[in-house]
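Scroll down for the structure; my scribbles are underneath it.
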Protein chains: 2
Amino acid sequence: MFIVFSKHKPPIYKKEIKSVEDFDFADFKKRFDTSKYSLCREVFQTNQESIKIKNEKRAVENLYKIFNAVFSISSKKGFQAMTMRDLSKEANLSMGALYAYFKNKEDLLHIIQNQGRVMVKNVLDSFEATAVEPLQKLRSVIKAHIFLSEVARPWFFFTFMEARNLSENELKEVREIEAHTEKVIVDILELGESKGVFKKRNHFLTASIIKSMQQDWYLKRWKYKSRQINPDEFADYVTGFVESFVLAEPKKIKGVH
Amino acid sequence: MFIVFSKHKPPIYKKEIKSVEDFDFADFKKRFDTSKYSLCREVFQTNQESIKIKNEKRAVENLYKIFNAVFSISSKKGFQAMTMRDLSKEANLSMGALYAYFKNKEDLLHIIQNQGRVMVKNVLDSFEATAVEPLQKLRSVIKAHIFLSEVARPWFFFTFMEARNLSENELKEVREIEAHTEKVIVDILELGESKGVFKKRNHFLTASIIKSMQQDWYLKRWKYKSRQINPDEFADYVTGFVESFVLAEPKKIKGVH
DNA sequence: GTCTATACATAGATAGAC
DNA sequence: GTCTATCTATGTATAGAC
């Protein structure tokens, strides 16, 4: 369910991807450690000084239970409205036990938010370099975001909905990532324009609109699920939509207009 | 700042719009009562039995202060995290005074959510009929939504972010409006397809994507504001983006491809 | 490492004076 | 119609037994 990237051994994508140019959701999933415990192990290793439990296996399993409970309750009523008693019940751990895994409720929020941010940054950065041609770059970046949000949907949803509870410092980091992923798209569009394959447009607005489409996939997943739209269909539809707008017209034949 | 529609005298749009085919943000604003108190007066009249204050002028003014305070605090930390003491301070009313305007905190939430829903439904329904040709209908519906969310941005933002706190019954109403506005777009796309002006596409996906763009305008307003994008620019960009995808190709000249 | 029982703080809500 | 003072419930967090 969760994916993770060790800070020490960033995975190498190029070597592993058969067709860099055109990957689907199944290809994407093969790239990563999709064990449901991976992200929790990462959290354990990152927060070893504050987590009181020293047995890794046990700690990771309980962190998994805790995070899942947080996502489940928060998606219904929000993190602030979730009480520690709610969490205790849903995670099958006593109140006392919970506090062995985080200092306080606010700390729990930050642990989740930080881990989510690190993961997104690691994965998306890796996908910048998977293609060379502007059109392939654009497709690659759009798809990677959608597929990642599919694999780690609870983290994406939680990060978006609970962003308001962040400190000024953390909010700044969030905005920086937002601006960064937007800039990645803008750069690709500019490259394409300079090569004559994309039209001259307001690339900032195009990038914003692309991001809003990607976001819809994890904010309104129930809607797409009820219509039985899978990640590949959605990603293809989005790229098709975008391409119809940005691709330069094929050259006109003289005399005909 | 707020706009409102009386249940008893729905405004007539067709007669008032000079150019039905192509209105801009300034035109849109002229259509409505944009007095900052209008929505609050509507709330007062709708909830007269539960509001203890009988002096309309005073009640409406205080409701305005209360709602603005709610929007301001909630946008920073969420409705659940807002305490009645926060609200009391921000609205310049004592705790005791606040409870003359609503039964309890939950009631306050419902009053805002309900009023927001009624307003959106009234306005958007009115815009279905403003044009006849599919392309003009599509433009009209897209723009109306963006312009409305601009005029009543706090209500839109609040409604979206606090939807999780609703009861099962109210959630059902929200989903119905969502499905309804989506269906309005799907119907237009189908009409256009049958008339040969729009391509054959998955209209559900197209409508979803259009809605995600519109939503971005009120969810990420700070971003657009910092880039000094105004409602007209944004609306035009969105309609241009959509049209490049849905419009049928101009007929090809025989022998040339 | 986890539990139960409890301390302490803060929230929502109201009574009664003005 | 609004205020201050206060009641009561609920929430976070911890101490200490197992």
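Quick caveat, the model's predicted, so the values are computed rather than measured. Order of the sequence lines fixes the chain letters, A, B, ..., with proteins taken first and strands second; residue numbering starts at 1 for each chain.
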Roughly how far, to the nearest 0.5 Å, is CG of B:Leu109 from CZ of B:Phe102?
11.0 Å
Under 4.0 Å between any heavy atoms, over every strand shown, what does B:Asn62 touch: base, sugar-phosphate, or nothing? Just pick one.
sugar-phosphate
Expressed as a whole number of angstroms, how long is the span from A:Lys77:NZ to D:dT10:P?
12 Å
Per the salt bridge (charged side-chain N to carboxylate O under 4.0 Å, His left out) rule, what does the pair list look like for residues 57-70 of chain A, sequence neighbours excluded?
A:Lys57-A:Glu61
Do the side chains of A:Lys76 and A:Glu90 get close enough for a salt bridge, i.e. N-O under 4.0 angstrom?
no
Return yes if some donor-acceptor pair links the side-chain N/O of A:Asp86 with the main-chain N/O of A:Met82 below 3.5 Å, else return no.
no
Donor-acceptor pair, distance only, cut-off 3.5 Å: does the side chain of B:Ser88 make one with the backbone of B:Leu93?
yes
Assign a letter to each nucleotide of nucleotides 3-18 of chain C from its 5' end: B, base within under 4.0 Å of a protein heavy atom; S, sugar-phosphate only; -, no contact.
BB------BBBB----
Base, sugar-phosphate, or nothing for B:Tyr101, non-hydrogen atoms under 4.0 angstrom?
sugar-phosphate
Keeping A:Ser212 on the side-chain end and A:Ile209 on the backbone end, is there a donor-acceptor pair under 3.5 Å?
yes
Minimal heavy-atom distance between A:Phe44 and A:Lys54, with the atoms involved, is CZ-O, 4.0 Å
Side-chain touch B:Glu162/B:Phe157, heavy atoms, less than 4.5 angstrom
no
When the axes are fitted on five pairs at both termini, how much does the helix from C:dG1-D:dC18 to C:dC18-D:dG1 curve, in 10° steps?
0°
